[in-house]
Amino acid sequence: MRMVTAIIKPFKLDDVREALSEIGVQGITVTEVKGFGRQKGHTELYRGAEYVVDFLPKVKIEAAVSEDVLEQVIDAINKSANTGKIGDGKIFVYGLEQTIRIRTGETGKDAL
């Protein structure tokens with residue numbers, strides 16, 4: 001089992017969610033986050049005053065998936081979140097030792 005974490009632009013969330021649903025991912029966790037990468041933020045103009053926005057709004061998506069759909073999940077996120085512009089985000093894949101469904105006590109792949 002793997003934990004896939006993706007940091008994407010907020011307006012791409014619906015596209016990614018739909019792409020993951022199409023390949024059978026049953027559950028995701030979404031968190032609104034702020035951060036920066038190579039962009040290093042940007043400057044904006046508000047009421048005539050210029051100010052620096054260091055942390056840009058992003059969305060963090062987490063999904064626990066089995067090994068057999070891992071490549072499909074990565075591909076789906078990559079294609080649906082891509083705009084071709086800087087700041088599209090990153091995908092991280094972690095090993096997942098154990099999964100337990102609290103309600104039923106199911107473990108492993110059955111708990112996904």
Side-chain angles (χ1 to χ4, degrees):
M1 290 179 294
R2 299 292 182 152
M3 177 63 78
V4 178
T5 301
I7 310 294
I8 63 169
K9 291 182 176 183
F11 67 89
K12 289 303 230 170
L13 176 60
D14 286 335
D15 296 340
V16 172
R17 185 187 51 81
E18 288 174 18
L20 292 175
S21 293
E22 286 177 13
I23 59 173
V25 175
Q26 294 182 344
I28 62 172
T29 300
V30 177
T31 310
E32 291 181 10
V33 296
K34 292 184 179 191
F36 68 91
R38 291 184 180 164
Q39 289 174 279
K40 305 274 192 260
H42 63 277
T43 58
E44 288 189 4
L45 198 61
Y46 179 71
R47 295 189 176 182
E50 192 173 281
Y51 65 98
V52 177
V53 178
D54 290 329
F55 296 102
L56 302 172
K58 300 289 182 180
V59 172
K60 179 173 152 181
I61 299 172
E62 296 173 298
V65 299
S66 60
E67 295 280 345
D68 53 331
V69 296
L70 178 62
E71 290 305 318
Q72 290 177 314
V73 168
I74 292 169
D75 191 48
I77 294 171
N78 200 20
K79 286 181 179 174
S80 59
N82 187 357
T83 66
K85 297 180 181 167
I86 192 166
D88 276 350
K90 297 256 188 321
I91 300 172
F92 304 98
V93 180
Y94 305 93
L96 194 58
E97 286 187 35
Q98 182 65 283
T99 304
I100 302 163
R101 185 183 308 268
I102 294 173
R103 179 177 53 88
T104 62
E106 294 171 302
T107 60
K109 194 174 180 180
D110 295 333
L112 295 179

Shortest non-hydrogen contact from Ala81 to Val16?
-> CB-CG2, 3.9 Å
How far apart are the C-alpha atoms of Ile7 and Lys60, what are their side-chain angles, what is the distance that settles it, and do they pass the side-chain contact (heavy atoms from CB on, under 4.5 Å) test?
-> CA-CA 5 Å; Ile7 310 294; Lys60 179 173 152 181; 3.6 Å; yes
Look at the side-chain heavy atoms of Ile, Leu, Val, Met, Phe, Trp and Tyr, link any pair under 4.5 Å apart, and say whether Ile28 and Val33 land in one connected group.
-> no
Same cluster for Phe92 and Ile8 if Ile/Leu/Val/Met/Phe/Trp/Tyr side chains link at under 4.5 Å?
-> no
Given the rule that I, L, V, M, F, W and Y join up when any side-chain heavy atoms are under 4.5 Å apart, are Ile91 and Ile61 in one cluster?
-> yes
Could you state whether Leu20 and Tyr94 fall into the same hydrophobic cluster, counting links through intermediate Ile, Leu, Val, Met, Phe, Trp or Tyr residues with side-chain heavy atoms under 4.5 angstrom apart?
-> no
Check for a donor-acceptor pair, side chain of Thr83 on one end and backbone N or O of Lys85 on the other, with a separation under 3.5 Å.
-> yes
How many angstroms lie between atom CG of Leu56 and atom NZ of Lys9, to the nearest 0.5 angstrom?
-> 9.5 Å
Hydrophobic cluster identity match, Leu96 and Val73, side-chain contacts under 4.5 Å = no
Under 6.0 Å from the CD atom of Glu32, do we count more than 12 heavy atoms belonging to anything else shown?
-> no
Checking Lys58 side chain against Gly87 main chain: does a donor-acceptor pair fall under 3.5 Å?
-> yes
What salt bridge (Lys or Arg N to Asp or Glu O under 4.0 Å) pairs are there with at least one residue in residues 98-112, not counting sequence neighbours?
-> Asp68-Lys109, Arg101-Glu106
If you measure from CE on Met1 to CG on Leu112, what distance do you get to the nearest 0.5 Å?
-> 6.0 Å
From Ile74 CD1 over to Glu71 CD, what is the distance, rounded to the nearest 0.5 angstrom?
-> 4.5 Å
Straight-line distance of Glu22 CD to Gln72 CD, nearest 0.5 Å | 11.5 Å
Would you find more than 12 non-hydrogen atoms of other residues, nucleotides or ligands less than 6.0 Å from Glu97 atom CD?
-> no
Spacing of CG belonging to Leu13 relative to CZ belonging to Arg17, to within rounding of 0.5 Å = 7.0 Å
